[in-house]
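To start, the structure under review is shown below, and the notes come after it.
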Amino acid sequence: MRDRRGCIDLRLRRGHRLAATLAVSGLLFGTAACGSGSGSARAGDPNTLEVWTRSDPESAQTYERVFAAFTKKTGIKIDYQPVMNFDQQLQSRASTKDLPDVMINDTALMGSYQAQGLLKPITPASIAGHGEITAKSWSSTVGRDGRHYGIPYSRQAMTLFVRKDWREKLGLPQPKTWQDTLALAKAFATRDPDGDGRKDTYGMVVPGSAQNGYVAWWGASWLWQGGVRIIEKDGTGYRPAMDSAAALRTVTWMKDNLFCGDNGVIQPSALTSVTANTTNFQDGNAGMYLTGPYNISTFDKALGKGKYEVLPAPAGPAGNDVLADGENIYFGARTGKGKQEQALAAFLISPEGQTLAMTGDHQPVVRIPVNSTLDAAKVRGDARWSVVQKAYEDDSLQFPNAPDWAPIKQDTADSLNALFTYCGSDVKAGLKELNDTLAGDLKDQDLLK
């Protein structure tokens, strides 16, 4: 439902979403108690694990190579299911009380999965090689009750991809600050860097759609650099933090300079773009993209390695922290196959398993290794990955993992998208409304302090 200004009523939608979540949770808590459905063909085979990953066909081929090596090494077979609409299919399987044995999916989903009863708790010491994973990575698998509900598998941090050939042609330096970034974006948009005599280039690519929370995901790095936290830890709970002076300054700067500034700084479709259709950088008509390192192989093929560079994200008023995220290994809340699941997890985090997942002819599924004995740049023979690894290790923040982050991200995205869409919007009032909505999200989860 929309209000008289045409804006989505976030409070109404939050209530509908909560009701749906609770309905599903009832099914899943029952699943945790009852175990898997007896009708599953592989449920009675102790030597076969059903494994789901959220993967497109390209990355699925890398997973297939990794799982084949695991089976050859251990004799444990893998019934592999690459799934694109992961959550929808997972909820369907939950309703039949037959969850996959092992799932690999985003770190930010752990709080939601735990709240719904999807996951078995994990003791890190039960996984061979657990000591080779850093405390920072393990910390992202701790649930509200202090127990671990995932095993780190892959990590990444946002970096800035820049058309090096365009920048050098225009005689401009690598950007170090927000103002440098804005100046370079304007130059890319107005000074014909591709030399075709037409005004057909854009400064930067932005996946600014509210769909699936994209603008909050992309915008998180800007918020961090502006000194903003969407929610903040407060004792045993959290409190919303989007009505701060830092939030007002940062969101106003983003609106005025990126979305409502000079034409051409971002692509015209930015506010309806998700990552799947945000192809301007690889298509050759945009000069910058703040994004994850999984795009390196794609851009190498589309543009050529020599045409672009991978740089640390330029610093904002509060520093250069960027969003870090990645994937965890989760064990479905069902009985049996614990040793087989632990064996698979141990292989996936081992130097052998991580190296296989980082290399090959298809898109890598491990970006920054969680195994601390490995160096991403050395494994790949590509110094650009050291920029990504340093960003993760030294200058990154993750979304809080204990809450159910999905509604928080979505409500933040809806608010930011609305503020950026209407250039006459009242940022202060919009952020106050968002803060109230986030308080409701936290209250729904009994986390508001």
Side-chain angles (χ1 to χ4, degrees), residues 1-18 20-21 108 111-112 158 206-232 234 238-261 266 269-275 278 290 316 318 322-323 325 397-400 403-445 447-448:
M1 182 177 295
R2 295 178 182 269
D3 67 14
R4 55 191 171 86
R5 295 169 298 163
C7 298
I8 296 171
D9 190 327
L10 301 181
R11 290 164 293 182
L12 282 175
R13 193 159 60 76
R14 192 185 77 244
H16 294 158
R17 184 173 56 226
L18 175 64
T21 299
S112 175
M158 304 285 265
V206 173
S209 172
Q211 179 184 337
N212 295 329
Y214 271 106
V215 71
W217 171 81
W218 169 84
S221 296
W222 297 88
L223 297 178
W224 300 171
Q225 292 165 6
V228 185
R229 302 295 179 263
I230 297 172
I231 61 174
E232 292 184 331
D234 187 1
Y238 293 85
R239 61 181 179 84
M242 285 300 289
D243 64 347
S244 66
L248 178 60
R249 288 193 302 269
T250 302
V251 175
T252 299
W253 190 94
M254 294 170 69
K255 178 173 79 79
D256 291 347
N257 292 285
L258 303 182
F259 294 89
C260 298
I266 60 177
S269 62
L271 288 164
T272 58
S273 292
V274 300
T275 54
T278 307
L290 182 69
V322 292
L323 176 65
D325 57 12
L397 290 171
Q398 298 181 164
F399 290 135
D404 178 354
W405 188 255
I408 296 169
K409 181 177 72 170
Q410 187 59 60
D411 287 334
T412 303
D414 287 334
S415 178
L416 293 178
N417 183 270
L419 289 171
F420 296 154
T421 296
Y422 175 47
C423 291
S425 60
D426 184 335
V427 176
K428 185 174 183 179
L431 292 179
K432 174 61 170 62
E433 182 179 354
L434 171 59
N435 218 61
D436 291 343
T437 302
L438 296 177
D441 289 335
L442 293 170
K443 186 177 180 180
D444 290 342
Q445 301 181 44
L447 287 173
L448 181 64

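Being a predicted model, the structure only gives us computed values, none of them experimental.
- Classification of the Tyr214-Trp217 ring pair by plane angle, with boundaries at 30° and 60°, yields perpendicular.
- In this structure, Gly226 and Ala318 approach most closely via the heavy-atom pair C-CB, 3.8 Å.
- At least one donor-acceptor pair closer than 3.5 Å links the side chain of Asn435 to the backbone N or O of Met242.
- At least one side-chain heavy atom of Leu419 sits less than 4.5 Å from a side-chain heavy atom of Leu431.
- Here the CG-OH distance, from Leu442 to Tyr238, works out to 9.0 Å after rounding to the nearest 0.5 Å.
- Ring geometry for Phe420 against Phe259 counts as parallel: the plane angle stays under 30°, on a 0 to 90° scale with 60° as the upper cut.
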So Thr278 and Val206, side-chain contact (heavy atoms from CB on, under 4.5 Å) or not? Walk me through it.
CA-CA 7 Å; Thr278 307; Val206 173; over 6 Å; no
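- Atom CG of Leu223 and atom CG of Leu397 lie 11.0 Å apart (nearest 0.5 Å).
- Under a 3.5 Å cut-off, the side chain of Lys432 and the backbone N or O of Asp243 do not form any donor-acceptor pair.
- Taken from CG in Leu434 to CD1 in Ile230, the straight-line distance is 8.0 Å, to the nearest 0.5 Å.
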side-chain contact (heavy atoms from CB on, under 4.5 Å) evaluation trace for Ser221 with Leu290
CA-CA 9 Å; Ser221 296; Leu290 182 69; 3.9 Å; yes
For side-chain contact (heavy atoms from CB on, under 4.5 Å), just list the numbers for Val274 and Asn212, CA-CA rounded to whole Å, side-chain angles, deciding distance to a tenth of an Å, and then say yes or no.
CA-CA 9 Å; Val274 300; Asn212 295 329; 5.9 Å; no
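- Although no hydrogens or angles enter the test, the distance criterion places no donor-acceptor pair under 3.5 Å between the side chain of Asp325 and the main chain of Ala108.
- Side chain of Ser269 to backbone of Thr272: no donor-acceptor contact under 3.5 angstrom is found.
- What you find for Gly213 and Ala413 is that their closest heavy atoms are CA-CB, 3.4 Å.
- Residue Cys423 holds its SG atom at 6.0 Å from NZ of Lys255, rounded to the nearest 0.5 Å.
- Smallest separation of non-hydrogen atoms from Trp218 and Met158: CA-CE, 4.4 Å.
- Atom CD of residue Gln445 and atom CG of residue Asp404 lie 5.0 Å apart, to the nearest 0.5 angstrom.
- Under the 4.5 Å side-chain criterion, counting only non-hydrogen atoms from C-beta, Val322 is not in contact with Trp224.
- A side-chain donor-acceptor contact under 3.5 Å links Gln410 to the backbone of Ala210.
- Side-chain atoms of Ser209 come within 3.5 Å of backbone atoms of Gln211 as a donor-acceptor pair (strictly under, hydrogens ignored).
- Looking only at side-chain heavy atoms (C-beta outward), Lys428 and Thr252 stay at 4.5 Å or farther from each other.
- Judged by distance alone, with hydrogens and angles left aside, the side-chain atoms of Ser415 form no donor-acceptor pair with the main-chain N or O of Thr412 at under 3.5 Å.
- Summarising the geometry, atom CD1 belonging to Ile408 is positioned 4.0 Å from atom CD1 belonging to Ile231; distances are rounded to the nearest 0.5 Å.
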Check the pair Leu258 / Trp253 against side-chain contact (heavy atoms from CB on, under 4.5 Å), numbers first and verdict last.
CA-CA 8 Å; Leu258 303 182; Trp253 190 94; 4.2 Å; yes
